Every structure is written in C-alpha cells, then in structure tokens.
Amino acid sequence: MAPFGEDSWLSEFKTVEKYGQDIMEKINERNKLRRNGGNYNKVQSDVRIMLKNFSKEVNNLKQSLLKASSRYEMEKQMNSAFQQESGHSDNGRSSLLVADQRRQPSNPFDEPETYVDNNVSIDGMRRQQQQIIREIIDDIDVRMDQTNTRLTKETSHVKRVTKKASTCGMLVVIILLIIAIIVVAVIPGH
C-alpha cells in the first residue's frame, strides 16, 4: 500500500528500480567470476532467474501505470461531464452530492480547474505526468532489451570458451597418451 499522497505505481517503480540495480550488481559479480574463476555457472543461473522476475515486475509496473493513466483520464471526463450537467436541471442530484461530500473528504479533481505555478493547468500537469510515465516505460523497455541482448552475447561467448576449453583438454589427454605409448614402446620389456 502506498503512503498517503503517493501514487501506488511510484512505490512499485522504486521496488523495480532497486531490483534492476541488484541485477546489475549480480551481472558485475558474474563478470568478475569469469575473469577470476569461481562459481560462474551458479551466478549466471541466478542472473537469468532475476531477469525473468524483473521482466514480470516491469510488466506489472506497466499495467499499474496504464491503470493510473486511464483513471486520471476518466476522472477528467467525469469532471467535465459533471460541470456540463451542472448548468442544466439536475432533479435533486446536487443535494445528493452535497450530502455525499459531507461523508467523504473533498476530492481535488472535483474542483474546477485552476491555474497553478507558471500558468500550467491541472490538465497540463496530468498530461505531463502521463508523458513522464510513458517515457519511464519506454526507458525500462529499452534497458530491458539492452540487458537481454548483452546476456545473449555473454551466453554465446561462454559456450564458445567452454567448447574451446574442452577441445584443448582432449588434445592434452591425447598427447599424454601418445607419450605414454612411446615410452612403453621404447622401454624394453623385462
């Protein structure tokens, strides 16, 4: 649950952002292990699992942002419709709204638009917020794609190195066997 006055998606974004940083730290740890030896495969597996979870969290965040955006749009349309109807006969609706307002705290979206700092309307601020949300989603998508691309490249590199290492190991064993055969052949039997 988000603290009072904070959008729920914002706390979700902070959690996803922290998880992304944890993944980058794990990738750096994996890269160090590759250079220094160590338990590279375990860390690689952890990174893959973390990336899958991160992808799910990003999708959840994206859905939360889209819901918040559509909620703002609906509130705006409802306020607009209510303001248009308020000029017409309401057949007692306004008295119901007044009674309802006494039970609940006032909603700032119910008030008519006022101009705030630097002549930016509330509508303008909502549009800016929606634009920022879209930019955040786009940025997360781009970074996710970059991370997936890097992970794919690193995985193929590790496969190549592993294949070369196993080939080299086989050549060493073959050479040692040839030397052993030569030594046994050269030494006269007793």
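Below, all heavy atoms of this structure are taken into account, side chains as well, without hydrogens, waters or symmetry copies. Please read these numbers as outputs of a predicted model, since none were measured by experiment.
Linking ILVMFWY residues whenever their side-chain heavy atoms come closer than 4.5 Å, directly or via other members, leaves Leu66 and Leu10 in distinct clusters. Hydrophobic clustering keeps Val142 apart from Leu151 (ILVMFWY residues linked when any side-chain heavy atoms are closer than 4.5 Å, directly or through intermediates).
The distance from atom CG of Asn59 to atom NZ of Lys62, rounded to the nearest 0.5 Å, is 6.5 Å. The CD atom of Gln44 lies 10.5 Å from the CD1 atom of Ile49; values are rounded to the nearest 0.5 Å. Atom NZ in Lys18 sits 11.0 Å away from atom CD1 in Ile23 (nearest 0.5 Å). Here Tyr19 contributes atom OH and Leu51 contributes atom CG; the two are 8.0 Å apart, rounded to the nearest 0.5 Å. Note that CG of Leu65 and CD1 of Ile137 are 4.5 Å apart. Values are rounded to the nearest 0.5 Å. Taken to the nearest 0.5 Å, the CG atom of Leu171 stands 11.0 Å off from the CG atom of Leu176.
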Checklist entry - Stepwise, does the side-chain contact (heavy atoms from CB on, under 4.5 Å) test hold for Arg150 with Ile27? => result CA-CA 10 Å; Arg150 284 182 28 210; Ile27 289 172; 4.1 Å; yes
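Residues passing the salt bridge (charged side-chain N to carboxylate O under 4.0 Å, His left out) test with Glu73, sequence neighbours excluded: none. Every side chain to side chain contact (heavy atoms under 4.5 Å, CB included) that Ile178 has, sequence neighbours left out, goes to Ile174, Ile182. Residues that satisfy the side-chain hydrogen bond (donor to acceptor under 3.5 Å, both in side chains) test with Glu29, not counting sequence neighbours, are absent from this structure. Among residues two or more places apart in sequence or in another chain, the side-chain hydrogen bond (donor to acceptor under 3.5 Å, both in side chains) test is passed with Lys164 by none. Judged as a side chain to side chain contact (heavy atoms under 4.5 Å, CB included), and not counting sequence neighbours, the contacts of Glu17 are Phe13, Gln21. Among residues two or more places apart in sequence or in another chain, the side chain to side chain contact (heavy atoms under 4.5 Å, CB included) test is passed with Ile181 by none. Every side chain to side chain contact (heavy atoms under 4.5 Å, CB included) that Met144 has, sequence neighbours left out, goes to Phe54, Ser55, Asn148. Under the rule for a salt bridge (charged side-chain N to carboxylate O under 4.0 Å, His left out), Lys163 has no partner lying at least two apart in sequence or in another chain. Contacts of Asn60 classified as side-chain hydrogen bond (donor to acceptor under 3.5 Å, both in side chains), with partners at least two apart in sequence or in another chain: none. In this view, Asn53 satisfies the side-chain hydrogen bond (donor to acceptor under 3.5 Å, both in side chains) rule with no residue, not counting sequence neighbours.
Contact detail for Trp9 and Leu61: the closest heavy-atom pair is O-CD1, 3.6 Å. Of all non-hydrogen atoms in Asn39 and Leu33, the two that sit nearest each other are O-CD1, 3.7 Å.
Contact of the Arg127 side chain with the Lys76 side chain is registered, since non-hydrogen atoms from C-beta on lie closer than 4.5 Å.
Listed by first and then second residue, the salt bridge (Lys or Arg N to Asp or Glu O under 4.0 Å) pairs involving residues 131-140 are Asp139-Arg143 (not counting sequence neighbours). Residue pairs meeting the salt bridge (Lys or Arg N to Asp or Glu O under 4.0 Å) criterion with at least one member in residues 44-58, sequence neighbours excluded, are Lys26-Asp46, Lys42-Asp46.
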